*Asks:* 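This is the structure, below, for whatever I ask next.
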Amino acid sequence: MQHSWSARTDTVEVKPHPTARDQAVAKRNLPKGSSILAVPSFTSALLFSEKGHRCDHCFRFPKEGSYLKKCTGCTAYWYCDTQCQNAQWQLHHKRLCKKINQFTSSAAFQGLKEHDKMDAILLSHLLSYLSTLAEPYSAGQSEGLEIFLSLLPGSSSAVGPPPVPAVNPPPNQELVAALFERFGNNNFTVHSHLNSIGHGIFPLASRLFNHSCTPNAAAKYILSSSNTVTMHVFALSDIAAGEEICIPYVDPALTQTRHQIFQITYGFSCNCPSCKFLNSIGHVPTPPTDSDQLKDVAEKLRSFVQVDNYLQSDDYRSRPIKETPSQLHCVFHETFMKGLSERFSDASHESDFDTAADTGVTLLALYLLVYPINYPQIGMHLLEMAKTHWNHSFVLSDLPEEKKAHAKPEISRLLVLARRVLGVMGTEGDADGPLEEISILENLLRT
Ligand SMILES: C[S@@+](CC[C@H](N)C(=O)[O-])C[C@H]1O[C@@H](n2cnc3c(N)ncnc32)[C@H](O)[C@@H]1O
C-alpha cells in the first residue's frame with residue numbers, strides 16, 4: 001500500500017516484514033555517512049537536569065556571553081532568544097504557560113517515576129500543540145499525528161496515560177490513550193556527543209526503521225536556532241539497494257538486559273546475529289575476579305578481535321561475534337564493560353597512563369566486538385585514548401623530547417581512526433564537538 005508520506009524520501013521504501021509489520025528498505029545504494037532521512041521532532045522536551053542550562057525550544061546552550069531568558073509567565077521554561085520563545089509559544093506554550101507549575105507540583109505528577117514524568121511532559125506539549133490546530137486533534141490537520149497514530153502500539157499500554165494539564169478544547173480520552181500507547185516504544189533519547197539531553201518523538205523515523213543490535217544506520221540530532229531538534233538517520237556502512245535499514249533502539253552494548261527491554265517496552269524478540277549468538281550461549285558467565293585471570297581474558301579478547309591490526313592497519317576486518325570462543329563469553333557480562341570503562345576513566349583522570357593505555361585498548365577491543373563498524377562510541381573512545389596519550393606525553397608529565405617525539409605518531413594514528421569513525425556521523429549536537437576536538441589536537445601535534 002502506498003502511504004502519503006512515502007514519497008517524502010528517495011532513499012527508502014516501505015516493504016512488508018515477516019514479523020515487524022513493515023520494514024524500511026534502501027531504494028538505492030547508500031554510501032556510509034550518507035543522510036537517509038531528516039525529520040523534525042513532532043514533540044520534544046528537555047531532560048529535567050538540562051532545564052535552565054539549555055533552551056527549551058532548540059535545546060542549544062546560550063551563545064557565549066549571553067544568558068537564557070526565563071518565561072516571565074511561568075518561570076519554568078527558558079529560551080536562548082525571543083525567536084525561540086515565540087516559536088515555542090505558538091507551538092504549545094501559550095496553552096501551557098498558566099498551567100504548567102500547578103501541574104508539575106501536583107501530587108499526581110510528583111508521584112510519577114522520572115521516566116513517566118518525561119512522558120507526561122511530552123504528552124502535555126503534544127496535546128497543547130494539537131489543541132491549537134484549526135480543527136483540533138484532527139489527524140488530517142497534522143501529518144505527524146496521522147503517522148504517529150499509524151504506529152504499532154507498545155507493549156506497556158496496560159498502564160494508562162499519565163496525568164496532563166487540562167487543555168482547551170479538551171481531547172477525547174480515546175485519543176489520549178491511543179497517543180500514550182505509542183509513546184513508550186517511539187520515544188527517542190535526544191543526545192549531543194553521546195550525552196542525553198532530552199526526549200523527542202519523530203513519527204516518520206519510527207514508522208520506517210526497525211531495530212537491530214547490529215544496525216547499518218543510526219540517529220543523530222541537529223540543533224539549530226529557532227527550530228525544534230531534528231533527527232538525522234545516517235548510514236553507518238555502505239548499504240546496498242534492497243537491504244533493510246535498521247537503527248538501534250537500545251545500546252547494543254546492553255548484551256544481557258536488552259532482551260528484556262525489547263520484551264517489556266517494544267514487545268518483540270530481536271533476531272539479529274548478535275542476539276542469536278547470545279541466545280545460543282544462554283547464561284553469560286561472570287568475569288573472573290582474580291587479576292591474573294582477568295588479564296588473561298583481556299589478552300585473549302584483544303587477540304581474538306585483532307585490535308592491534310585495527311590500530312595499525314587500514315584493512316581491518318571485524319570478527320563475527322558468533323565466532324567468539326567460549327573462554328571469552330564472560331566479556332558479554334555487562335559488568336565486564338562497566339569495569340573496563342571505570343578503570344580507563346579513573347586511570348586517565350589519575351594520570352596512571354600505563355593502566356589507562358592498557359585498559360583503553362582492551363575496551364576498544366570489546367567495542368569492536370559488540371558495536372557495528374563506525375559506531376560513534378568507538379570513535380569517541382578512540383578520541384579519549386588520544387586525549388589521554390596527549391595529556392600524558394605533553395601536558396601532565398615531563399617526558400624527555402625523545403619520548404615526546406615517539407608519542408606523536410601513536411597519538412596521530414588514534415586521531416586518524418577517531419576521525420574516520422566520527423566522520424561517518426559528521427557534525428551533530430552542540431557546537432565544538434569531537435570532530436573539532438580532533439582538529440585541535442591534530443594542529444597541536446603539528447607544532
Ligand atoms: C517504531 S516501530 C518500527 C516500524 C514498524 N515495523 C511498523 O511497521 O510500524 C517499532 C515496532 O516495530 C516492531 N519491530 C521493530 N524492530 C523489530 C525487530 N527487530 N524484530 C521484530 N519486530 C520489530 C516492534 O513491534 C516494535 O514495537
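Both counts, for ligands and for their atoms, begin at 1 and track the order of listing. Quantities reported herein were computed from a predicted structural model and do not represent experimental measurements.
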*Asks:* Is it true that the side chains of Ser41 and Thr228 contain a donor and an acceptor less than 3.5 Å apart?
*Replies:*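 The answer is yes; a qualifying pair exists.
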*Asks:* Please name all residues satisfying salt bridge (Lys or Arg N to Asp or Glu O under 4.0 Å) with Glu323, sequence neighbours left out, ordered by chain then number.
*Replies:*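 If we apply the salt bridge (Lys or Arg N to Asp or Glu O under 4.0 Å) test to Glu323, skipping adjacent residues, the hits are Arg319.
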*Asks:* Write out each pair where an N or O from ligand 1 and one from the protein are under 3.5 Å apart, with the distance.
*Replies:*
from, atom 1, to, atom 2, distance (Å)
ligand 1, 6 (N), Ala20, O, 2.6
ligand 1, 6 (N), Asp22, O, 2.9
ligand 1, 6 (N), Asn210, OD1, 2.7
ligand 1, 8 (O), Ala20, O, 3.3
ligand 1, 8 (O), Arg21, NE, 3.0
ligand 1, 8 (O), Asp22, N, 3.1
ligand 1, 8 (O), Arg207, NH1, 3.1
ligand 1, 9 (O), Arg21, NH2, 2.8
ligand 1, 9 (O), Arg207, NH1, 3.2
ligand 1, 16 (N), His211, N, 3.0
ligand 1, 19 (N), His211, O, 2.9
ligand 1, 27 (O), Tyr266, O, 3.1

*Asks:* Pairs in or reaching into residues 372-386: which pass side-chain hydrogen bond (donor to acceptor under 3.5 Å, both in side chains), with residues at least two apart or in two chains?
*Replies:*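 The answer is Glu384-Lys387.
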*Asks:* Would you check, one step at a time, whether the test side-chain hydrogen bond (donor to acceptor under 3.5 Å, both in side chains) holds for Arg302 with Thr362?
*Replies:* CA-CA 6 Å; Arg302 287 152 68 144; Thr362 310; 3.0 Å; yes
*Asks:* If you look only at pairs with a residue in residues 38-62, which of them pass as a ring-ring contact (aromatic ring centres under 6.0 Å, His included), with sequence neighbours excluded?
*Replies:*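 Qualifying pairs, neighbours excluded: none.
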*Asks:* Is it true that Ser224 and Arg60 share a donor-acceptor pair across their side chains at a distance under 3.5 Å?
*Replies:*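 No, because no side-chain N or O of Arg60 sits under 3.5 Å from a partner of the opposite role on Ser224.
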